[in-house]
Amino acid sequence: MTASTTAPDSTSLERDARLVNAREKEIAPGEIAIGVIIGRTSEFFDFFVYAIASVLVFPKLVFPYVDALTGTLYSFAIFALAFLARPFGTLLFMWVDRVHGRGTKLTISLFLLGGSTMALALLPSYAQVGTLSAVLLALFRIGQGVALGGAWDGLPSLLSLNAPEEKRGWYAMIPQLGAPLGLLLASCLFAYFLAILSPEDFLSWGWRYPFFVVLAINVVALFARLRLVATPEFERLFESRELQPSPAFATMFRERRTIVLGAFAPLASFALFHLVTVFPLSFVTLFAEEEPVRFLGIEALGAVIGVLAILASGVIADRVGRRAVLGVSAVLIAVYSGFAPRLLGAGQVGEAIYMLGGFALLGLAFGQSSGAVNSNFPPESRYTGAAIVANAAWVIGAGFAPLVALFLASRFGLWSVGLYLLSGAICTLGALAINKEFARRAA
């Protein structure tokens, strides 16, 4: 193997992986797609296991000294810490990438992600250690965020760039399938343990089992991704596309317009993301006093609808264009925001309409939201720029959404949640319009 195809300071892990894959002659887009789906599903499974526990477990286990609403708000505040930590993880692991190679970066970040999530399974309660329980919860959540920032591998960008011109929308939606698939797994696991255990047993030990599952899933995801990133062919694809880490701060300064537009373009889907996954579970648990098993079943069904809608977004985008899909779906989300949130307070039928309709819209919008303006980056900045855009979009559009939505709903009513969602739709339409205008001037 020549030096030109060897990653900087390549480790024995990467060399061994190359030997294992030496028989492979080329990597097809379909193989990249499988690695992307497995990797993203594992990340979102971690995400939703924590999100569900932040509603059903942590308020009672960690914050029993306050009322249920306040405890859930505290839990959502800690939930947001991972999104704030993600940019720091990106900076740290970009350095690891440059110095030690992509295989080392992925190995450390995914084991940190799995380890932080699994450590939550051992979290002591407030009754056992007092306020240290909340401190540990926050530290483990920060560990998740740092790891998620480091787990960026450039596979979605590579997949999009290697897609046939007439299939760009189809390949753009593939990474997004990880979100509903991760939610489906997490919802079914929690629903199973809630169904077979008494409330006391679930709160004592049953909730911990989904967190233990995380490590096994992350190990599978690690090998699926290493199989791709550790091959010489993959290295050549990165080199030919110039998808190499660039200095983060220099990239942020040089490409600030693209980063800002990229962060705001998907806000409609990112805001809706948590308003049909995390927030509704908290609202019906606190105010409708429903059994969470039933609602987790609705979420699982919604996740299936989300998968179908994401697939549909790829087909539609290849016919009418990604920008059109994003724009039309933002308009539909704006219309949805005017009436749908109040359905959560209209009984079980209203809840089902809100959830299933919301997942259908989410799939259409979220399916094309990944890297909506990443093609605007010059090749030498695309790898790092895409990571920065993803982090910024999640912080602005999603990180605080459950906290803000629950606070607004508890203080002003569900109509205010609709205004919050409407603001995201307006941001998306504004970013798309500005991006189109800049593109026209550059033409």
Side-chain angles (χ1 to χ4, degrees), residues 26-41 44 154-181 228 237 240-241 243 258 261-262 264-270 272-273 303-336 357-377 379 382-383 385-386 389-390 393 425 428-429 431-440 442-443:
E26 62 180 8
I27 298 177
E31 293 182 87
I32 302 175
I34 293 172
V36 169
I37 292 173
I38 293 174
R40 295 296 291 273
T41 299
F44 277 105
L155 283 171
S157 296
L158 184 69
L159 179 63
S160 176
L161 288 170
N162 281 277
E165 185 69 30
E166 69 279 5
K167 292 287 187 180
R168 288 285 172 86
W170 178 260
Y171 282 94
M173 69 81 190
I174 287 175
Q176 308 304 78
L177 290 171
L181 292 176
L228 295 174
L237 285 173
S240 67
R241 297 296 188 180
L243 285 173
T258 301
L261 289 177
F264 280 90
L267 283 198
S269 61
F270 279 27
L272 183 60
F273 184 91
V304 173
I305 291 176
V307 169
L308 297 177
I310 288 174
L311 293 172
S313 78
V315 175
I316 297 171
D318 285 331
R319 295 191 176 188
V320 303
R322 293 186 67 193
R323 182 183 286 112
V325 172
L326 284 172
V328 171
S329 61
V331 172
L332 293 176
I333 290 172
V335 174
Y336 175 85
F359 270 104
L361 282 178
L362 176 63
L364 290 174
F366 190 66
Q368 298 300 314
S369 67
S370 177
V373 301
N374 283 352
S375 60
N376 293 0
F377 287 113
R382 188 171 289 127
Y383 180 81
V389 164
T428 291
L429 292 171
L432 291 175
I434 294 171
N435 187 56
K436 182 178 181 180
E437 177 63 17
F438 274 105
R440 185 188 64 79

Nearest heavy-atom neighbours spanning [X] and [Y]:
X	Y	value
T428	L326	CG2-O, 4.3 Å
A365	S269	CB-CB, 3.6 Å
T258	V389	O-CG2, 4.4 Å
L181	I37	CD1-CG2, 4.0 Å
A425	I333	CB-CG2, 4.5 Å
L267	A393	CD2-O, 4.1 Å

**OP:** Apply side chain to side chain donor-acceptor pair (under 3.5 Å) to S329 and list each qualifying residue two or more places apart in sequence or on a separate chain.
**Re:**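 Here no residue qualifies.
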Original post:
Quick one: are L362 and F273 in side-chain contact, heavy atoms under 4.5 Å?
Top reply: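 L362 reaches F273 side chain to side chain.
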**OP:** Sequence neighbours left out, what passes ring-ring contact (aromatic ring centres under 6.0 Å, His included) with F264? Give chain and number order.
**Re:**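 F264 satisfies ring-ring contact (aromatic ring centres under 6.0 Å, His included) with no residue once adjacent residues are dropped.
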**OP:** Could you tell me how the ring of F366 sits relative to the ring of F44: parallel (under 30°), tilted (30 to 60°) or perpendicular (over 60°)?
**Re:**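 The rings of F366 and F44 stand perpendicular, inter-plane angle above 60°.
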Output a table of donor-acceptor pairs, distance under 3.5 Å, between side-chain atoms of residues 308-317 and any protein atom two or more places apart or on a different chain; print 'none' if there are none.
unit_1: S313; atom_1: OG; unit_2: I310; atom_2: O; d: 2.6
unit_1: S313; atom_1: OG; unit_2: Q368; atom_2: NE2; d: 3.4

